[in-house]
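Residue numbering restarts at 1 for every chain, and letters A, B, ... go by the order of the sequence lines.
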2 protein chains.
Amino acid sequence: MTTIREIAKIAGVSVATVSRVLNDHPYVSQEKKAAVSHAVEKLNYSRNIKAIQLSNKHSNLVGIILPKIDLPYFSKIVEGLAEEARNLHLQLVLIQSNYDTEKEREALELLRGHLMDGIIFCSRAISLSEVRAYQEFGPIILLEDTDQDDFYSISIPHDHAFTYGLDYLYSKGHKKIAIALNRIDGTNSKKRIQAYESMMERIKEPIRTEWIFDQCLSIEDGATLMDKYMALNDKPTAFLTTNDQIAAGVLLAAAKHQLKIPQDLAVLSFDNQEISKVMDLSTISIPIKEMGQLAMRALFNSRENSLQASKKRELPFKLIERLTV
Amino acid sequence: MTTIREIAKIAGVSVATVSRVLNDHPYVSQEKKAAVSHAVEKLNYSRNIKAIQLSNKHSNLVGIILPKIDLPYFSKIVEGLAEEARNLHLQLVLIQSNYDTEKEREALELLRGHLMDGIIFCSRAISLSEVRAYQEFGPIILLEDTDQDDFYSISIPHDHAFTYGLDYLYSKGHKKIAIALNRIDGTNSKKRIQAYESMMERIKEPIRTEWIFDQCLSIEDGATLMDKYMALNDKPTAFLTTNDQIAAGVLLAAAKHQLKIPQDLAVLSFDNQEISKVMDLSTISIPIKEMGQLAMRALFNSRENSLQASKKRELPFKLIERLTV
DNA sequence: TTGTAGGCGTTATCAC
DNA sequence: GTGATAACGCCTACAA
């Protein structure tokens with residue numbers, strides 16, 4: 001392996017000069033610069049990034065933690081992250097946790113071990129109190145609607161958004177509303193359930209726990225949800241689902257049961273992903289990709305002015321009226 | 001930052017011994033081992049991975065190159081990669097190229113710079129002759145149906161699979177078949193077009209270039225495809241699409257045009273992703289996730305016995321008959 | 001503008 | 001079993 005020293009020897013300069021040329025430092029004469037470049041060409045030299053990382057402060061690697069990349073919501077976030085990372089010359093280390101706290105802990109240990117400059121939690125299972133202990137090792141960003149104000153977080157206000165969706169359904173004449181959530185114990189879900197309960201209270205409806213569906217994520221989950229709906233004696237007139245995939249599954253399964261949407265059953269979802277457009281699904285749009293972009297930029301900026309924790313970024317959401325409500 | 005030296009000092013041993021303890025080497029007395037462990041606890045020490053990487057041969061980082069993570073095919077591959085990487089204690093560096101050759105080149109340079117131990121191309125735009133030059137810097141795996149036998153590749157045989165699909169449509173009475181491809185100049189697409197042309201020749205049908213649709217990837221592309229279909233004077237009776245999303249888009253748009261599937265138009269796709277199940281889409285199943293798993297394992301194994309290039313792994317495909325043909 | 005020398009933190013060789 | 005010490009390859013004061 002050819003090193004900076006050999007280049008220096010060939011070019012007849014010191015290693016410091018070679019390093020300067022390689023890093024485009026000022027104060028290098030044209031002649032020496034040319035000599036170095038020439039030697040680099042000649043020996044087909046390229047720098048050892050591992051060595052650079054060791055002597056530098058940063059590694060330019062950012063850890064991305066998510067449960068499963070094969071879910072449109074998360075791959076969309078990562079797309080935003082990757083796009084921005086490209087401009088900032090950062091690389092993404094993708095860590096798929098499956099909500100295994102052990103795996104998430106490992107990832108935090110990588111931050112502690114200086115492999116990565118920072119970490120972005122797209123979602124998590126590990127407790128914030130445990131995460132907190134790692135903040136001293138680098139910036140950590142949460143893409144969730146947290147109230148812990150010592151974390152930097154980016155999210156839409158899920159309580160408002162959920163209430164907004166429920167109000168919309170109510171304004172369309174629905175009082176009997178069921179909801180489909182992802183993980184019932186996730187930060188966002190808690191906010192949503194709160195919103196749901198206070199809404200039901202407000203319109204004087206009982207809270208039917210059997211109308212709160214958990215573990216809904218995919219199109220197939222949506223289809224399964226429809227089965228559960230059919231088995232219900234007391235049926236809701238509307239569904240509010242936390243992503244478009246669930247709603248799409250509901251719609252497809254509903255068609256098989258000859259249900260008319262929205263007459264027999266109204267469906268409102270979140271995300272505004274591609275599939276919602278094609279299926280004319282009413283949905284509440286979330287700037288998913290932008291969340292990724294903002295997160296990456298915030299992480300990058302934190303190098304200069306260290307991450308302002310207690311900075312909670314709230315992003316806007318928007319109702320997209322289509323044909324399922 | 002506390003280092004191995006401080007631990008050594010506190011524990012009253014040499015750095016070598018500390019290193020041995022940290023790496024579970026044999027030949028360390030219980031006493032010293034305990035002393036070191038104690039010091040590690042006391043100082044809340046953790047190893048610097050960047051330093052480990054520098055002095056080690058491997059970085060345990062693997063570069064994953066793909067055009068766009070937000071496409072089900074690719075996120076499924078990555079899921080497989082990540083799952084296997086976890087067992088092997090490797091980390092994924094995700095590089096989203098958007099088929100920009102410059103970005104792909106950068107990724108190869110990262111391999112050259114020893115940041116990553118190897119690279120997996122999920123798909124690429126850069127020429128193989130250019131990629132070839134980087135093989136000396138580490139194992140490179142291609143997830144495509146290449147004929148270049150100096151590369152390690154994993155794929156289904158796309159020509160056979162495509163022919164198989166066409167034959168199936170033919171056996172169902174279809175001679176007028178249109179096809180929807182991803183990138184017309186991709187390795188896999190070339191094989192598919194060949195298969196298409198020879199099939200048409202075989203059944204004595206003209207090759208209608210206006211029935212070969214390019215740049216089809218997403219559900220929306222599928223919907224757009226339907227528009228193009230409607231505008232056609234001479235209409236095909238069947239579509240063979242290279243992924244389920246396109247077919248799903250076709251189906252959804254067809255419903256709006258009151259087209260009966262499969263009577264008016266048959267649709268066969270590839271992948272057998274979740275959406276195909278819910279939509280009762282006939283499809284040719286591809287072991288996408290397994291491709292990722294195999295690739296990661298092959299890369300890992302190549303550390304021991306260096307990657308056997310000219311090893312082409314052909315995976316099986318399988319027709320799933322549902323309701324759209 | 002240039003060069004020397006020390007440092008980044010760990011691993012591994014070799015002698016004891 | 002253990003400990004010096006030399007790599008690993010680069011960056012960067014500091015001195016000139």
- prompt: Taking atom NE2 of A/His38 as the centre, does the number of heavy atoms from other residues, nucleotides or ligands within less than 6.0 Å exceed 12?
  reply: no
statement: When rounded to whole Å, the NZ to C1' distance for the pair A/Lys50 and C/dG9 reads 14 Å
query: Nearest-Å distance, NZ (A/Lys33) to C1' (C/dT1)?
result: 13 Å
field: Interatomic distance, B/Asn60 CG vs C/dT11 P [rounded to whole Å]
entry: 13 Å
message: Distance check needed: C/dC8 P versus B/Gln53 CD, whole Å only.
response: 19 Å
task: Return yes when atom CZ of A/Arg105 has more than 12 non-hydrogen atoms of other residues, nucleotides or ligands closer than 6.0 Å, and no otherwise.
output: yes
query: Within a radius of less than 6.0 Å around CD of B/Glu41, do more than 12 heavy atoms belonging to other residues, nucleotides or ligands occur?
result: no
field: Nearest to side-chain heavy atoms of B/Ile4, which nucleotide of C/dT4, D/dC10, C/dT11
entry: C/dT11
task: Pick base, sugar-phosphate or nothing for B/Val13, based on heavy-atom distances below 4.0 Å to the nucleic acid.
output: sugar-phosphate
message: Under 4.0 Å from OP1 or OP2 of C/dC8: is there any side-chain N or O of A/Ser55 that close?
response: no
query: In terms of side-chain heavy atoms, does B/Glu109 have a donor or acceptor partner in B/Tyr134 at a distance below 3.5 Å?
result: yes
query: For B/Ile52, which contact category applies under a 4.0 Å heavy-atom criterion: base, sugar-phosphate, or nothing?
result: sugar-phosphate
message: More than 12 heavy atoms of other residues, nucleotides or ligands under 6.0 Å from NZ of B/Lys289: yes or no?
response: yes
query: Is the distance from OP1 or OP2 of D/dG3 to the nearest side-chain N or O of B/Lys32 less than 4.0 Å?
result: yes
- prompt: Would you say the base of C/dT11 and the side-chain of B/Arg20 have a donor-acceptor pair closer than 3.5 Å?
  reply: no
- prompt: Checking salt bridge (Lys or Arg N to Asp or Glu O under 4.0 Å) against A/Lys312, which of A/Asp145, A/Asp149, A/Asp150 comes through?
  reply: A/Asp145
field: Phosphate contact (D/dC10 OP1 or OP2) by A/Asn56 side-chain N/O below 4.0 Å
entry: no
query: Using a distance-only test with no angle check, is there a side-chain donor-acceptor pair under 3.5 angstrom linking B/Arg124 and B/Thr187?
result: yes
message: Distance check needed: D/dG1 P versus B/Asn23 CG, whole Å only.
response: 18 Å
Candidates D/dA4, C/dT10, C/dG3 - which lies nearest the side chain of B/Ser14: D/dA4
field: Beyond-backbone contact of B/Leu66 with B/Ile77, side-chain heavy atoms, under 4.5 angstrom
entry: no
message: Check the phosphate of C/dG3 against A/Tyr27, side-chain N and O only, distance under 4.0 Å to OP1 or OP2. Yes or no?
response: no
message: Does C/dT2 have its OP1 or OP2 closer than 4.0 Å to a side-chain nitrogen or oxygen of A/Ser29?
response: yes
task: Could you tell me the separation between the NE2 atom of B/His58 and the C1' atom of C/dT11, rounded to a whole number of Å?
output: 14 Å
- request: Rounded off to whole Å, could you give me the CG-to-P distance for the B/Leu54 and D/dC10 pair?
  value: 9 Å
message: What contact category does A/Val28 fall into here, base, sugar-phosphate, or nothing, at under 4.0 angstrom with non-hydrogen atoms?
response: sugar-phosphate
query: Rounded to whole angstrom units, what separation is found between the CG atom of A/Asn48 and the C1' atom of D/dA7?
result: 13 Å
- prompt: How sharply is the helix from C/dT1-D/dA16 to C/dC16-D/dG1 bent, taking the axes over five pairs at either end and rounding to 10 degrees?
  reply: 40°
query: Distance check: side-chain N/O of A/Thr17 vs OP1/OP2 of C/dG3, anything under 4.0 Å?
result: yes
field: Given DNA chain D, 5'-ward residue of the pair A/Met1 and A/His25, judged by closest heavy atom
entry: A/Met1
field: Nearest listed nucleotide, side chain of A/Arg47, among C/dT10, D/dC10, C/dT1
entry: D/dC10
- prompt: Between D/dC11 and A/Ser19, is there an OP1 or OP2 to side-chain N/O distance shorter than 4.0 Å?
  reply: yes
